[in-house]
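What follows is a short report on a single structure.
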Amino acid sequence: MIRWDKRIKLLFLLPAVIWVLALTIAPLFFSLYLSFTDVKREVVITGVEEIPILDKDGNPKTRSDGSIRTKKVKQKELQIKYDWVGFKKYKRVVNDQEYQDAAKFTFIYVIISVFVEIVLGLFLAFLFNRRIYGRGFMRSLMILPIFATPFAIGFMFFTILFEVSGPLAWMGIPFLSNHNWAPFSVMLVDIWQWTPFCFLVFLAALQGIPDDLIEAATLDTKSAYKIWTSVILPLLQPIIVLVILLRVAESAKLYDYIASLTKGGPGTATQSVSFLVFNKAFKMNDFGYASAGSFLMLIVVMIFVMLFFTRLRKTYE
Amino acid sequence: MADLTINNVNKFYDKTQVLFDVNLSIKDGEFIVLVGPSGCGKSTLLRMIAGLEDINSGEISLGNKVINQLAPRDRDVSMVFQNYALYPHLSVAKNIGFSLRMRKVEKSIIDKKVADAAEMLGLTHLLSRLPRNLSGGERQRVAMGRAIVRDPEVFLFDEPLSNLDAKLRVMMRNQIKEIHYEVKTTTVYVTHDQIEAMTMADKIVVLNGGIVEQVGSPDELYDNPSNTFVASFIGSPSMNQIHGKIVSEKGKKYFQSKDNSLFLLPENANISEGQEIIYGFRPEHVDINQAASDDAINLTVKVDQPTGSQSLVFANVGDQEICLDVPKSHLLKPGNEFKMSPQLDNIHIFDSETGKRI
């Protein structure tokens with residue numbers, strides 16, 4: 001038997017540790033630092049240099065006295081300055097109407113789309129949890145949306161919902177141009193892509209419920225509704241909680257659909273927190289604001305996740 | 001209170017028939033055990049009584065009411081499942097009271113009935129626990145509590161003890177019998193274990209390949225098995241069955257095995273010379289050495305298995321192995337020769353073609 005030296009074990013772990021530290025932990029703390037600073041890009045003149053003036057042929061021009069003609073050039077350098085500003089950025093984010101709107105939209109978006117996905121997923125799993133002809137094929141067909149790229153799906157729905165000549169134009173609904181309809185269009189995309197995921201997980205969980213539990217219940221009640229509410233749903237509860245957790249954490253990061261479907265519009269009606277933060281950082285160079293906004297979001301999501309995890313742990317123990 | 005009658009019941013899964021014209025009548029308060037090897041259709045029959053399986057033809061009636069078309073809930077039967085089927089999210093008390101809650105019984109009555117059932121089963125101190133925190137035997141008792149609390153016309157047990165260890169099984173056997181004495185509800189109990197069947201049943205139904213082989217009390221089945229299947233299935237170790245034919249010698253009829261050993265036959269046996277038969281005797285119904293009759297045969301011990309006061313001795317008659325259950329005092333060890341004659345009163349003769357008792 002090989003006796004593994006402890007240090008060798010650590011050595012093997014090192015690449016993974018470096019990977020996580022470099023690509024997850026370090027950026028996280030860096031952005032935490034950024035959220036307390038005002039990032040400024042300044043062009044600073046660091047000095048003056050004399051360089052020869054060249055003629056067409058690339059040879060230095062000379063004066064009549066034979067000396068080389070020169071010109072003075074200022075040396076500039078782009079400097080990024082991190083000015084520590086404490087909680088100033090956070091204050092700005094919290095009081096910013098635009099951020100508040102984005103948070104409100106994201107919140108409503110998460111609640112409605114996750115709720116619909118769970119209910120629809122359960123319903124479909126219920127329908128598929130019996131022997132029906134071609135079940136395997138239908139199931140494979142149904143889970144295809146999971147594998148598509150969200151950004152591309154945004155474009156696909158842009159085509160479908162296009163109000164001038166799209167296939168649904170005859171309905172006369174301003175899917176993308178009305179500030180009341182546009183949020184629902186985005187939710188529709190999320191629901192379309194992620195209901196199959198919920199469906200798949202719930203179907204697996206349903207099939208894991210022993211038949212004799214259901215049979216025992218049918219000896220006591222005729223109502224399928226009662227069997228669902230008093231036996232099946234309580235048994236599915238840990239799975240439902242888990243799916244809610246996964247879906248909330250995922251859909252709170254909403255960016256792709258917005259970027260390809262509405263670009264946050266009309267106006268800022270479909271601007272999610274991630275979308276707003278991205279624009280603030282990479283289009284307006286306000287990294288402090290963006291980091292502060294991201295961290296507020298992270299805290300909210302983390303509180304939610306922790307609440308659910310304790311719930312989950314309770315049901316499992 | 002009512003009798004349970006099963007009339008010409010057939011069952012098919014797709015095109016495979018699993019039950020053939022089953023007829024049974026079970027009196028009110030009787031403890032019936034359906035026994036047979038795996039796949040004989042005993043569980044299917046039980047599930048048909050419960051309403052968990054369709055009945056393809058025939059009738060099952062409870063009292064004067066045909067229950068074929070009734071939903072399981074309306075049949076007034078309760079069932080104990082092999083794997084207990086306890087609801088894992090409900091406490092013991094809630095599990096026991098589940099069926100009453102589903103029937104919208106008043107809460108105070110539920111509480112009382114649950115407490116009574118728990119007391120009867122010794123579960124009172126466990127009422128607030130969840131099933132996963134119970135031992136196998138405790139779960140089994142909760143499953144029984146769930147059946148008892150309903151006070152149904154019929155109890156159905158589907159191999160309820162097969163997941164328990166041997167010691168617990170004996171204990172639970174007693175407890176189920178005790179409860180049956182107490183509540184006197186008609187009970188249909190499925191098992192593949194003939195000892196369970198013998199020890200618990202008022203009446204045993206032996207099933208094989210979807211056919212009822214024999215119905216009778218444990219004693220009837222043991223003393224007068226109607227065919228070779230029942231003969232070998234009931235009793236442990238099972239009955240010795242030797243193939244051979246009837247011969248006459250010195251004016252007496254003998255049974256001659258394939259290796260020409262001669263065995264005595266009861267005088268009143270209704271058989272004729274030359275007839276091919278199966279000669280059966282139970283391991284415990286033999287006389288050894290001095291006790292053996294003049295027509296005893298000589299055997300050599302192949303293996304011995306002491307079981308305490310007795311010893312199981314294995315020997316060959318021709319190429320057929322037989323088993324004898326003899327007192328240990330005979331000191332039969334491998335290699336020893338001994339004399340053996342089956343007791344005349346306890347010889348079973350079967351037709352060698354049909355396997356039916358002659």
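Reminder, nothing fancy here: chain letters follow the sequence lines and each chain counts from 1. Computed from a prediction, not measured in an experiment: that's the story for all the values here.
For B/Phe20, the CZ atom sits in a packed shell: over 12 heavy atoms of surrounding residues, nucleotides or ligands are nearer than 6.0 Å.
Interface remark: B/Arg75 contributes no atoms to any contact with chain A (heavy atom separation under 4.5 Å). Residue B/Lys94 does not touch chain A at all, counting heavy-atom pairs closer than 4.5 Å. Of the two parts of A/Ser230, the backbone and the side chain both hold a non-hydrogen atom closer than 4.5 Å to a non-hydrogen atom of chain B. Neither the backbone nor the side chain of B/Asn133 has a heavy atom closer than 4.5 Å to any heavy atom of chain A.
Residue with the most contacts toward chain A among B/Leu86, B/Val77, B/Asp158: B/Leu86 (heavy-atom pairs, distance under 4.5 Å). Options A/Val231, A/Leu213, A/Leu219 differ in how many heavy-atom pairs under 4.5 Å they form with chain B, and the most are formed by A/Leu219. Interface summary for chain B: among A/Ile214, A/Leu235, A/Thr221, the most heavy-atom pairs under 4.5 angstrom belong to A/Thr221. Annotation: maximal heavy-atom pairing with chain A below 4.5 Å, among B/Phe98, B/Phe81, B/Tyr84, occurs at B/Phe81. Annotation: maximal heavy-atom pairing with chain A below 4.5 Å, among B/Gly51, B/Pro72, B/Ala50, B/Ala71, occurs at B/Pro72.
Under the 4.5 Å side-chain criterion, counting only non-hydrogen atoms from C-beta, A/Leu236 is in contact with A/Ile209. The shortest side-chain heavy-atom distance between A/Phe275 and A/Leu254 does not fall under the 4.5 Å cut-off.
Contact between A/Pro183 and A/Phe105 at its shortest, heavy atoms only, is CB-CE1, 3.6 Å.
The closest side-chain donor-acceptor pair between B/Asn10 and B/Gln17 falls under 3.5 angstrom. Remark: the B/Ser43 side chain and the B/Glu159 side chain contain no N/O donor-acceptor pair separated by less than 3.5 Å.
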Checklist entry - For A/Asp220 and B/Arg150, what are the C-alpha separation, side-chain angles and deciding distance, and is it a salt bridge (charged side-chain N to carboxylate O under 4.0 Å, His left out)? => result CA-CA 9 Å; A/Asp220 291 324; B/Arg150 276 257 324 274; 3.5 Å; yes
